[in-house]
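What follows is a single structure, written as structure tokens, with notes after it.
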Amino acid sequence: MGLRIHNTYSGMVEEFIPSGQKKDKIGDYPPVTIYSCGPTVYGYAHIGNFRTFIFNDLLRRYLKFRGYRVDHAMNITDVDDKTINGSLSEGLSLRDYTDRYIKIFFEDLDSLNIEKAEHTPRATESIDEMVDIIRRLDEKGIVYTKDGSQYFSISKFENYGRLSRLDSREIKTGLRYDTDEYEKDDVRDFVLWKAAKENEPSWDTPYGAGRPGWHIECSAMVRGVFGGTIDIHTGGVDLIFPHHENEIAQSEGAYGEPFVRYWIHVEHLLVDGAKMSKSKGNFYTLRDLLDKGYSPRAIRYLLIASHYRKQLNFTLEGLRTAENALARIDNFLVRLGDIKKEGEADPAVKTLSDEFNEHFTEIMDDDLNVSGGIGAFFEYLHSLNSLIDEGRMSLAAAARVKEALQRVDSVFGFIFFSGTEDDIDVTRIESLIAQRQEARKAKDFARADEIRDILIAEGIFLEDTRDGVRWKVKK
Ligand code: AMP
Ligand code: ZN
């Protein structure tokens, strides 16, 4: 059985067939086309946003692990109410203002070891594609004008509501409707093109001077990058309605062909049971956590380690648990690096590695069950540690293990996490280690653990060996 993915559109876990045509071999498929709704660049992204972006990273990495090629676009929303208001209040051009946050966003992606998408289109550079969509919808009579703005008339699009399966009563009475609106005929309708307002940036088009509605930006960028139907569209669950519902209405209304084969939605990162969001003020940015001494590697681990269709409650305690899990990996890597034994590899190492690879693939194929995959990985480490204990790990075997680890890390991205050894105060670390030894001798284990945790939080990992305590930096 191959990869299966939950498709919001059908509400079911489905066999994954890119391009809609089944092939004998994975290598025969054309590149998997993926579009992910990207950040609105008006400030620092919070780690709730990064949960979704790290999931996108897991998805593309796992597809490559399975032998697919990927062609991935993540857009940048660089024009909307928030970016415009931010630029106005700072007296900067929209471009200068959004450039600043785009740069920060890409730095954050880098810190979290998130691979770059092949395309990162900006909304403000996709105006022609938006006009093309509006013109096609207009020709079909789906658009109306009010006070110089263009609206999509929901009543003219039969399939509206199919993705979100919202009760049509809810949509009709406006219990759930689009807030991205000016005046409109029907509360369900949404704006495609907003008439220019004084002081706001605007673009001249056959539909008048103005700026795009939010939803049309993504429909236009999907078209601009990929042309036709794409395989996968991702975003957080908050985007299912109205954003993605409206993207489908615009794209399918304009081009008369299916928009997306698989819709994948990531559950929220919560804080005390509520969605982490800027508007609630209950958020941490990546930099907030780095300033508190947590490593980007632990943040990646925490955010990637739960299944994407389960909500994840964020706590600092959770981050400390992540640091401990990573310390187990590092201790193993130290042991592996210490192997000196010559001679052939014990066949048990190959068997274990092959079994792990097979088991990991089987688990991940089931709708990217990453928590199961990580569980299998720790079992594998446990068995390898036993082989080391028994003196059965030779240099040749260790090299084979390292290859297996590199392969699985092409998916996880948290095993061999690049770190720097700059700015490390060796004297202080060794003094802390000496204090910890003293504390242990005095049976003050609470203090000993406390010192260990301080060091872990700084990316310093300890290993107790027969020759004393060794330490290693891992960010
Ligand atoms: P935005 O910059 O607000 O447009 O959001 C960027 C991405 O982050 C979207 O895919 C959102 O659905 C997602 N997102 C926003 N808040 C959260 C959260 N608390 N947990 C997970 N994903 C989120
Ligand atoms: Zn979008």
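One is the number of the first residue; the rest follow in order along the sequence. Atoms within a ligand are numbered from 1 in the order they appear, just like the ligands themselves.
- Within the model, atoms CZ of Arg261 and OG of Ser10 stand 14.5 Å from one another, a figure rounded to the nearest 0.5 Å.
- Closest to atom 16 (N) of ligand 1, if we only count protein heavy atoms, is Lys275 CE, 3.4 Å.
- For ligand 1 and Gly235, the ligand atoms under 4.0 Å from any heavy atom of the residue are 10 (O).
- Ligand 1 has a nitrogen or oxygen under 3.5 angstrom from a nitrogen or oxygen of Gly48.
- The distance criterion of under 3.5 Å between nitrogen or oxygen atoms is not met by Val237 with respect to ligand 1.
- A side-chain N or O of Asp231 and one of Thr33 form a donor-acceptor pair less than 3.5 Å apart.
- Residue Gly38 places a heavy atom under 4.0 Å from ligand 1.
- In summary, Lys275 and Asp238 engage in a salt bridge, as defined by a charged side-chain N under 4.0 Å from a carboxylate O.
- No option in Phe414, Phe377, Phe417 other than Phe414 meets the ring pair (Phe, Tyr, Trp, His ring centres under 6.0 Å) test with Tyr301.
- With hydrogens and angles disregarded, a donor-acceptor distance shorter than 3.5 Å links the side chain of Arg51 to the backbone of Glu267.
- Using modelled atom types, one side-chain atom of Tyr262 and one backbone atom of Ile17 make a donor-acceptor pair closer than 3.5 Å.
- In terms of polar-atom proximity, defined here as any N/O pair under 3.5 Å, Asp238 does make such a contact with ligand 1.
- At the shortest separation from atom 19 (N) of ligand 1 among protein heavy atoms lies Met276 O, 2.8 Å.
- Within the structure, the closest approach of Pro39 to ligand 1 falls below 4.0 Å when heavy atoms are considered.
- A donor atom on one side chain and an acceptor atom on the other are not found under 3.5 Å apart for Asp81 and Tyr42.
- For Lys278, the closest heavy-atom approach to ligand 1 does not fall below 4.0 Å.
- Using bins of under 30°, 30° to 60° and over 60° for the plane-to-plane angle, the ring pair His243/Trp214 lands in the parallel bin.
- Using a cutoff of 4.0 Å between basic side-chain nitrogens and carboxylate oxygens, Asp99 and Lys103 are not scored as salt-bridged.
- Among protein heavy atoms, atom 5 (O) of ligand 1 sits closest to Asn49 ND2, 3.3 Å.
- Rounded to the nearest 0.5 angstrom, Trp263 CH2 and Thr8 OG1 are separated by 8.5 Å.
- In this structure, atom 20 (N) of ligand 1 lies nearest to the protein heavy atom Leu269 N, 2.8 Å.
- In this structure a side-chain-to-backbone donor-acceptor pair under 3.5 Å is present from Tyr62 to Thr361.
- Taking 2.8 Å as the threshold, Cys37 counts as a candidate ligand of the Zn ion (ligand 2), since one of its N, O or S atoms lies below it.
- In the vicinity of Phe53, heavy-atom distances shorter than 4.0 Å reach the ligand 1 atoms 6 (C), 7 (C).
- Within the listing of ligand 1, atoms 17 (C), 18 (C), 20 (N), 21 (C) sit less than 4.0 angstrom from a heavy atom of His268.
- Looking only at heavy atoms of the protein, atom 10 (O) of ligand 1 is closest to Gly236 N, 3.1 Å.
- Across every non-hydrogen atom of His265 and Leu163, the tightest pair is CE1-CD2, 4.5 Å.
- Taking any N or O of Thr52, backbone or side chain, at least one lies under 3.5 Å from an N or O belonging to ligand 1.
- Atom 2 (O) of ligand 1 has its closest protein heavy atom at Thr40 N, 3.1 Å.
- Nearest protein heavy-atom neighbour of atom 9 (C) of ligand 1: Leu239 CD1, 3.8 Å.
- For residue Cys218, an N/O/S atom approaches the Zn ion (ligand 2) to within less than 2.8 Å.
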